[in-house]
2 protein chains.
Amino acid sequence: MPYRVLVLEGDSEQRVWLSDWLAKEFVVDSCGLAREALEKAKQGKPDLLVLAVDVPDMPGMSFLAVLRDTDYGHGLPVIAVAPERTEEGVLRAFDLGVEDYLVRPFDPRELVARCRTVLRRRYERGEYLGAPLSIAGVEIDPGQRRCQARGKRVTLRPREFALLEILMRKAGRVLTRPYLLETVWGMSSTADTRAVDVMVSRLRKALGPEAGKLVETVSKLGYCFREPET
Amino acid sequence: MPYRVLVLEGDSEQRVWLSDWLAKEFVVDSCGLAREALEKAKQGKPDLLVLAVDVPDMPGMSFLAVLRDTDYGHGLPVIAVAPERTEEGVLRAFDLGVEDYLVRPFDPRELVARCRTVLRRRYERGEYLGAPLSIAGVEIDPGQRRCQARGKRVTLRPREFALLEILMRKAGRVLTRPYLLETVWGMSSTADTRAVDVMVSRLRKALGPEAGKLVETVSKLGYCFREPET
DNA sequence: CAGGGATGTAACCGATTTGTAACCCAGCGC
DNA sequence: GCGCTGGGTTACAAATCGGTTACATCCCTG
């Protein structure tokens, strides 16, 4: 399941160039304005943001500060691309939690490689698992294996919990059964893909009729934790 | 429906040789001048460009830069063929986003194989996970299985979605019924070609009267998602 | 080794999706 | 006008998909 990368870069030529390179390996969406990027970050659920610090409508670093203030931008890893290296800039960037920092001119393959690294570190070593998370009235705290739905305590069995956690961490995205099998059950699992259905059924029941609806079935594809329409 | 490959090669003997080999597997168009190639790339909507870097009227790499500047040239994958390997040339080529790089002399079957690889990677990667796409007010995000037409949410059934996605990805090009059957329904499908008509009908209905019009019937040929006037 | 919880599997059944056939209209050549 | 072809639309039936339950396992713990 390819990762989704969002590119924010004011210069359209550069934007196309970056996007083309990243598209060789990731699913890429791009835009040239900070406010578009906020919108797309919210709508598109990217896994990573590549941010040029010189964007027309807002300084890159201010943008980052704004992004960090939003709930969806909180956990989003960012790689910054700056026109030059300044002590202050680098410091500021790392302060705001960027994962990596590239200075122009750079080898595009290096960018792709760094994206790969950040994504792997973030999502494949399970490092992002563990932080408490709250979406649409459902809260989980993996550290304590606790879950609440609309304020009420819900007890989940281990597999139900792991399933819910993945669904919530990738909220809005459709996760296929094979993907869920691989991530929740582990690659060595021999379980049938129907096992996922059964577990989803149990999870829904445990969450109750209301919160259970958030776990949406996407016909012929898989499942998705979806917030209600706004 | 076979892939369409455009060959740009200055030397006419070489051009014929390349084209003949590629024609065993693809639909090939070829030309010997950069400006012809730009024209053909625009008109013919090829899926892949095989580019000899030594073209009479323009250095291959400059050509590539120009091509990347055009709207139809961004997404077009390119395989470069160079007379010799120079560090600088290779780097420059990859900078401009070529997918692959071959140095003469080479085995023509290798070229065909690489074309196949690039095309597969580019067009046949995961079925439902492509990047978001927005044309003429219709937006789809395969990763989230969402579709909007003129700002309004549209719910599509799996086949309808897959059909719309192909039509949009190849917007402006006429797709035949057999092609759609093969790509959307899958090779093993036994469905009748009329099934496509019915699905198109359902898709149009779902998109609504206005957006539905974008899916055009091309008599005796097939269907086409009309892109905005250029 | 018994008991209990967790979870995979199989079976059943209702819901959804989709192919087919039938009917209709429009365009066209005679 | 008539017959023919191509395509839109609809209704219906078949196939597929997915929810749920019951039951068999497996793995603990005691």
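Order of the sequence lines sets the chain letters (A, B, ...), proteins ahead of strands, with each chain counted from 1. If you're wondering where the values come from, they're calculated on a predicted model, not measured in any experiment. Values below: every heavy atom of this structure, side chains too, minus hydrogens, waters and symmetry copies.
Nucleic acid contact for A:Arg157: base, since at least one base atom lies under 4.0 Å from a heavy atom of the residue.
Rounded to an integer number of Å, the gap from B:Leu156 CG to C:dT16 P is 17 Å. Rounding to whole angstrom units, CG of residue B:Asp192 and P of C:dG19 are separated by 10 Å. A straight line from CG of B:Leu180 to C1' of D:dG7 spans 15 Å, rounded to a whole angstrom. Atom CZ in A:Phe161 sits about 14 Å away from atom P in C:dA6, given to the nearest Å. Atom pair B:Met199:CE and D:dT9:P shows a separation of 14 Å (rounding to whole Å applied).
Comparing the local axis fitted to the first five base pairs of the helix from C:dC1-D:dG30 to C:dC30-D:dG1 with the one fitted to its last five gives a bend of 20°, rounded to 10°.
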Could you pull out every donor-acceptor pair under 3.5 Å between side chains of residues 203-218 of chain A and any protein atom, sequence neighbours left out?
from, atom 1, to, atom 2, distance (Å)
A:Arg204, NE, A:Val215, O, 3.0
A:Arg204, NH2, A:Val215, O, 2.9
A:Arg204, NH2, A:Thr217, OG1, 2.6
A:Glu216, OE2, A:Arg226, NE, 3.3
A:Glu216, OE2, A:Arg226, NH2, 3.1

Using residues 193-201 of chain A as the side-chain source, report each donor-acceptor pair under 3.5 Å to any protein atom, sequence neighbours left out, with the distance given to one decimal.
from, atom 1, to, atom 2, distance (Å)
A:Asp197, OD1, A:Arg177, NH1, 3.2
A:Asp197, OD2, A:Arg177, NH1, 2.9
A:Asp197, OD2, A:Tyr223, OH, 3.1

Next item on the list: Could you walk me through whether B:Arg157 and B:Arg202 pass the side-chain contact (heavy atoms from CB on, under 4.5 Å) test, one step at a time?
Entry: CA-CA 9 Å; B:Arg157 282 176 281 216; B:Arg202 299 206 251 246; 4.0 Å; yes
Notebook entry, point to check: Run the side-chain contact (heavy atoms from CB on, under 4.5 Å) check on B:Leu18 and B:Ser30 step by step: do they pass?
Noted result: CA-CA 9 Å; B:Leu18 282 177; B:Ser30 72; over 6 Å; no
Note to self: Applying salt bridge (Lys or Arg N to Asp or Glu O under 4.0 Å) to A:Lys45 and A:Glu227, what does each step give before you reach the verdict?
What the structure shows: CA-CA 12 Å; A:Lys45 316 274 177 189; A:Glu227 305 179 58; 3.7 Å; yes
Notebook entry, point to check: Going 5' to 3' along nucleotides 25-30 of chain C, which nucleotides have protein heavy atoms under 4.0 Å from the base (write B), which only from the sugar-phosphate (write S), and which from neither (write -)?
Noted result: ------
Check: If the sugar-phosphate is the primed atoms plus P, OP1 and OP2 and the base is the rest, what is the B/S/- string for nucleotides 16-30 of chain D, using protein heavy atoms under 4.0 Å?
Finding: -SBBBBB--------
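Residues A:Pro77 and A:Glu99 share a closest heavy-atom pair of CB-CG, 3.6 Å. Taking every heavy atom of both residues into account, A:Leu22 and A:Cys115 meet most closely at CD2-SG, 3.8 Å.
Salt-bridge annotation for A:Lys40 and A:Glu36: absent, with no side-chain N of the basic residue lying under 4.0 Å from a carboxylate O of the acidic one. Taking 4.0 Å as the cut-off between side-chain N and carboxylate O, A:Asp47 and A:Arg169 do not count as a salt-bridged pair.
Evaluated for a side chain to side chain contact (heavy atoms under 4.5 Å, CB included) with B:Leu175, the options B:Leu163, B:Ile166, B:Thr183, B:Leu221 yield exactly one hit, B:Ile166.
The side chain of A:Trp185 contributes no N or O atom lying less than 4.0 Å from OP1 or OP2 of C:dT7.
Under the rule for a side-chain contact (heavy atoms from CB on, under 4.5 Å), the partners of B:Arg153 that lie at least two apart in sequence or sit in another chain are A:Glu229, B:Arg146, B:Gln148, B:Thr155.
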